[in-house]
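What follows is a short report on a single structure.
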Amino acid sequence: MEVEAYVGPQDPACHAYGHRRTARTEPLYGEPGTAYIYFTYGMHWCLNAVTEPRDFPAAVLIRALEPIAGFETMRQRRGKAPLCSGPARLCEALGVTGRLNGSSLQRGTLRIVQGKKPKPGDIVTGPRIGITQAIDWPLRFYLKDSPWVSR
DNA sequence: CAAGTGATTAGC
DNA sequence: CTAATCACTTGC
C-alpha cells in the first residue's frame, strides 16, 4: 500500500549515501530482491526490498500493507491496531526481525509476490516521511485513498 | 507534543 | 574511545 524509495549513493537519505559500505549496509549491495532489515531507535525493525543490480545500493522501505490473513497472529504480536500501517508496525505484525536480513524475498520464508495491479493514477507520490535530507524528493509512493497507508 | 531505546556511525 | 544521530511508535 505504501513504500518509500532510497535510490542509492546520490540520495542523502539513503543509508548507502556516498557509497557508504559497512556491516549494516552490506545487504543493500546484494542482489535485487534481497531483504534489507535494519534496527532503529533502539526498538524497531524496518523492512526494505533491494531493487537494483548487485553493487548499486538502492531499496524500497515497506511502509504499509493491507492485512489479508493471519489476523489473530498479528493481533497477538502487535497487541493493538493498526496492524500493518507503519514500517515498524508491519514488521512487528509479521514477526520480521534481523534474522531475515539478507535473505531472498523471492525464494525465502518471507516473500513479496505479485498482487492486484493498481489502475493507472491510483498510485500517487509525495515527500518521504521521517527524514531530514532531500525531503523534497517525491519518493513516497502509496495507493490513493487507501485506509491502510501510515499517513 | 516529547520520551523511550540501543545499534550505528563519524570523529578523535 | 566518545558523542551524535536515527527511514519510529506510543502516550500524554
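These figures come from a predicted structure and were not determined experimentally.
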For this session: Mind listing the residues from residues 133-148 of chain A sitting with a heavy atom below 4.0 Å of DNA chain C? Number order is fine.
Result: none
Side chains of [X] and [Y], heavy atoms from C-beta outward: is any pair under 4.5 Å?
X	Y	result
Trp148(A)	Pro67(A)	yes
Glu2(A)	Ser150(A)	yes
Pro9(A)	Phe56(A)	yes

For this session: State whether the side chain of Arg63(A) and the backbone N or O of Val149(A) hold a donor-acceptor pair below 3.5 Å, judged by distance alone.
Result: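 Such a contact is absent between Arg63(A) side chain and Val149(A) backbone.
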Problem set entry | Side-chain (Tyr29(A)) to main-chain (His19(A)) donor-acceptor, under 3.5 angstrom |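 Present.
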Problem set entry | Distance in angstrom units between His44(A) NE2 and dA3(B) P, rounded |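 To the nearest whole Å, that distance equals 16 Å.
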Problem set entry | Within residues 2-24 of chain A: residues closer than 4.0 Å to DNA chain B (heavy atoms) | Arg20(A), Thr22(A), Arg24(A)
Problem set entry | Near-strand residues of residues 55-74 of chain A, defined as heavy-atom separation under 4.0 angstrom from DNA chain B |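 Nucleic-acid contacts, sorted: none.
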Problem set entry | Value rounded to 0.5 Å, distance of CZ in Arg24(A) from OG1 in Thr40(A) |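 Nearest 0.5 Å value for the CZ-OG1 distance: 7.0 Å.
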For this session: Check every nucleotide of DNA chain C for an atom under 4.0 Å from a heavy-atom of chain A, then give the first and the last such nucleotide from 5' to 3'.
Result: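 With heavy atoms of chain A under 4.0 Å away, the range is dC6(C) to dT10(C).
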Exercise. How close do Asp11(A) and Leu139(A) get, heavy atom to heavy atom, and via which atoms?
Worked result: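 Closest pair (atom of Asp11(A), atom of Leu139(A), distance): OD2-CD1, 4.4 Å.
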Seminar exercise, completed: What one should report as the nearest heavy-atom pair of Tyr6(A) and Ile129(A) is OH-O, 4.5 Å
Exercise. Hey, is Asp122(A) close enough to Lys116(A) for a salt bridge, meaning N to O under 4.0 Å?
Worked result: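 Salt bridge flag = no for Lys116(A) with Asp122(A).
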Problem set entry | Glu92(A) and Arg77(A) ion-paired at < 4.0 Å | no
For this session: Please check if atom CZ in Arg21(A) has more than 12 non-hydrogen atoms from other residues, nucleotides or ligands closer than 6.0 Å.
Result: yes
For this session: Step through the shown structure and confirm whether more than 12 heavy atoms of other residues, nucleotides or ligands are within 6.0 Å of CZ on Arg99(A).
Result: no
Problem set entry | Residue list, side chain to side chain donor-acceptor pair (under 3.5 Å) with Arg111(A), at least two apart or on another chain | none
Seminar exercise, completed: Here DNA chain B, pairs taken as Watson-Crick or G-U under 3.5 Å and shown with ( ), [ ] when crossing and | when to another strand, reads ||||.||||||.
